[in-house]
Amino acid sequence: MLQIYNSLNRTKEPFKPITPGKVGLYVCGMTVYDYCHLGHARVMIVFDIVYRYLKNLGYKVTYVRNITDIDDKIIKRANKLGEPFTMVTERFIQALHEDSRTLGILTPDQEPKATEYIPQILDMIQSLIQRGHAYVAANGDVCYSVPSFPKYGQLSGKSLEDLKVGHRVEPDATKKYPFDFVLWKAAKPEEPAWDSPWGAGRPGWHIECSAMSTHCLGNHFDIHGGGADLQFPHHENEIAQSEGAYGNTFVNVWMHNGFVQIDSEKMSKSLGNFFTIREILEHYRPEEIRYFVLTSHYRSPLNYSNSQLENAKAALTRFYTALRGLDLTQVPNLDNQTQLADTTNRVIEDFRTRFHSAMADDFNTPIALAVLFDVARELNRIRNIDLNQARALGSELKQLGSILGLLQDDPEAYLQGTAITNNLTDAKILELIDQRTTARKTKNWAEADRIRDMLKNQGIVLEDNADGTSWRRL
RNA sequence: GGCUGGGUAGCAAAUUGGUUAUGCAUCGGCCUGCAAAGCCGCAGAGACCGGUUCGAUUCCGGUCCCAGCCUCCA
């Protein structure tokens with residue numbers, strides 16, 4: 001039984017979908033005014049895993065990840081560049097899609113954009129005004145009246161009293177109450193704007209997610225996710241808006257992933273201490289980034305460092321080395337064979353059970369990965385005894401890896417894969433290996449070692465084994 | 001100041017009231033012409049102080065430290 005940690009109650013709960021067999025999953029995606037950084041990569045990867053695992057359990061999942069394509073920061077950026085804001089958003093949406101594809105993120109079923117949901121946003125605001133949850137402020141903005149929603153603060157564990165004593169709230173004369181937030185922002189001259197019953201303007205930051213999620217998944221759906229920094233105020237406000245407008249429970253399970261940190265500090269735009277996905281891809285491969293993200297539980301902090309990425313690289317090399325040379329096109333059936341095969345079947349069953357109980361326990365990927373290492377060890381152990389059983393284990397390793405979006409490359413291609421810094425061509429390497437093989441036949445060890453050392457200096461590692469010499473790039 | 005969460009071996013990172021986490025690094029062995037890879041094994045832990053318990057890294061209390069949210073943020 002899948003257990004998910006629900007931010008709403010701060011406990012793990014058994015997951016029960018609203019409609020048996022189906023799951024509605026909404027994740028707050030990106031505001032597109034710049035390239036995605038590693039923190040965005042973490043959200044994409046974490047919820048990619050949630051999506052994959054739910055599907056693996058047999059659920060019919062509707063995964064919605066929105067794009068916020070109108071917002072103050074976008075306008076600011078467009079003004080700075082002297083471009084229409086749509087040019088900025090189009091460019092970064094394209095970049096987002098490229099990064100997402102590179103990282104092997106499954107495409108969400110729907111990817112709504114805020115600017116395409118203006119009518120639905122206006123409807124929702126209208127409904128909130130009618131129900132006494134919103135008002136038009138003196139400056140023309142439409143604001144949500146936080147005191148009109150008694151449950152406010154439930155998600156973030158804050159009471160209005162707590163917020164009052166919090167000394168970071170700055171009073172705003174246009175609002176009736178300090179924590180009221182803007183639903184519709186009256187446009188200043190030259191700003192992008194849409195017509196509304198309250199004059200030209202644009203949506204506030206939180207309303208678009210309420211409108212889009214409701215429109216795509218209904219006004220009550222299963223899982224809503226995003227980065228931990230969205231828990232308050234963004235998600236808290238979404239609840240106030242949606243439940244205020246429709247009067248029923250909005251979302252059953254709220255999931256929040258932890259931050260990427262650097263030097264024990266949150267990686268963020270405002271601190272300026274971020275690496276974009278593109279920058280990291282100059283030095284590391286996509287699968288290394290994915291592995292790195294999965295080494296830590298999704299709710300824990302993830303500390304970025306090169307040594308962590310190096311560790312990911314070493315781990316993947318170990319996995320692909322284990323899979324190397326195994327023909328997995330036809331998986332052997334080990335049923336009712338020898339006692340050894342029988343044992344292997346039970347071992348495989350045991351690995352599978354452990355992997356799934358790890359994943360079912362709030363998506364515990366570090367343990368799931370530990371199981372994969374155990375599979376790899378068993379595979380390496382058995383491969384010299386019985387190749388068929390090694391293949392069965394290899395097939396299991398690859399299959400479990402697919403649930404994490406890992407290990408789907410051809411092992412040989414991965415291990416010999418394009419090095420980031422270009423060095424020798426494959427043909428040249430093979431030529432040198434030939435020369436070395438000749439030298440070895442005449443026991444000319446000095447020459448053999450010279451070639452091996454020379455290749456090693458160029459980042460090529462040679463490994464002699466029974467059927468010849470294999471090589472890989474470091 | 002209010003509210004969360006956390007402090008685990010050289011590094012990273014999980015689980016668990018008593019039994020090997022796992023990966024990398026280190027050490028010993030097997031294998032190898034020598035290596036590498038692989039396998040076997042050793043070693044190494046639970047911030048600090050109390051309490052509960054036959055027994056605590058795990059539960060409870062306190063102290064210290066760290067991160068996050070309370071403002072835009074994934």
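Order of the sequence lines sets the chain letters (A, B, ...), proteins ahead of strands, with each chain counted from 1.
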With a 4.0 Å cut-off on heavy atoms, is [X] in touch with a base, just the backbone sugar-phosphate, or nothing at all?
X: A/V260; value: base
X: A/L462; value: base
X: A/G227; value: sugar-phosphate
X: A/M44; value: nothing
X: A/E310; value: nothing
X: A/T321; value: sugar-phosphate
X: A/Q308; value: sugar-phosphate
X: A/G258; value: base
X: A/R436; value: base
X: A/S268; value: base
X: A/F259; value: base
X: A/S470; value: nothing

Find the distance [X]:[atom1] to [N]:[atom2] and express it as a whole number of Å.
X: A/N384; N: B/rG38; atom1: CG; atom2: C1'; result: 8 Å
X: A/K158; N: B/rG68; atom1: NZ; atom2: P; result: 14 Å
X: A/N237; N: B/rC69; atom1: CG; atom2: C1'; result: 14 Å
X: A/L271; N: B/rC69; atom1: CG; atom2: C1'; result: 14 Å
X: A/F373; N: B/rU22; atom1: CZ; atom2: C1'; result: 7 Å
X: A/L309; N: B/rC24; atom1: CG; atom2: C1'; result: 14 Å
X: A/F274; N: B/rC72; atom1: CZ; atom2: C1'; result: 14 Å
X: A/E412; N: B/rA37; atom1: CD; atom2: P; result: 16 Å

Query - Atom pair CD1/OH of A/I207 and A/Y117 - distance to nearest 0.5 Å - result: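 Atom-to-atom, A/I207:CD1 and A/Y117:OH are 14.5 Å apart.
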
Counting side-chain heavy atoms from C-beta on, which of [options] comes nearest to [X]?
X: A/H297; options: B/rA14, B/rG68, B/rA36; result: B/rA14
X: A/R10; options: B/rU4, B/rC24, B/rA74; result: B/rU4
X: A/D449; options: B/rC72, B/rA74, B/rG33; result: B/rG33
X: A/S264; options: B/rC24, B/rA67, B/rA74; result: B/rA67
X: A/N311; options: B/rC24, B/rA36, B/rC40; result: B/rC24
X: A/P366; options: B/rA12, B/rA37, B/rA14; result: B/rA14
X: A/M30; options: B/rA74, B/rC69, B/rC39; result: B/rA74
X: A/P233; options: B/rC70, B/rA74, B/rU15; result: B/rC70
X: A/D464; options: B/rC34, B/rU15, B/rA37; result: B/rC34
X: A/N380; options: B/rA21, B/rG38, B/rG68; result: B/rG38

Query raised in the report: Of A/R472 and A/A446, whose nearest nucleotide on RNA chain B comes first from the 5' end?
Result: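 Going by which nucleotide is closer to the 5' end, it is A/A446.
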
**Report entry** Toward the 5' end of RNA chain B, by each residue's nearest nucleotide, A/K73 or A/L369
**Finding:**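 Closest to the 5' end, via its nearest nucleotide, is A/L369.
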
Query raised in the report: Would A/K428 and A/E431 count as a salt bridge (Lys or Arg N to Asp or Glu O under 4.0 Å) if you check the C-alpha gap in whole Å, the side-chain angles of each, and the deciding distance to 0.1 Å?
Result: CA-CA 5 Å; A/K428 183 68 192 166; A/E431 190 189 316; 3.7 Å; yes

Query - B/rU15: pairing nucleotide in any strand, Watson-Crick or G-U under 3.5 angstrom - result: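 Paired with no nucleotide.
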
Requested in this report: Please determine, for B/rC24, whether a Watson-Crick or G-U wobble partner exists with both distances under 3.5 Å, and give it or none.
Outcome: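 Because both required distances fall under 3.5 Å, B/rC24 counts as paired with B/rG10.
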
Both conditions, 6.0 Å and 45 degrees, for the charged tip of [X] above the ring of [Y]: are they met here?
X: A/R65; Y: A/F47; answer: no
X: A/R42; Y: A/Y304; answer: no
X: A/K269; Y: A/Y33; answer: yes

Report task. Decide, applying a 5.5 Å centre-distance limit and a 30° plane-angle limit (both strict), whether A/W445 stacks on B/rG33. Result ->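 According to the criterion (under 5.5 Å, under 30°), yes, A/W445 stacks.
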
Query raised in the report: What about A/R452: does its side chain form a donor-acceptor pair under 3.5 Å with the base of B/rA35?
Result: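 It does, because a donor-acceptor pair links the side chain of A/R452 to the base of B/rA35 below 3.5 Å.
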
**Report entry** Evaluation steps, side chain to side chain contact (heavy atoms under 4.5 Å, CB included), between A/V251 and A/Y26
**Finding:** CA-CA 10 Å; A/V251 167; A/Y26 183 92; over 6 Å; no

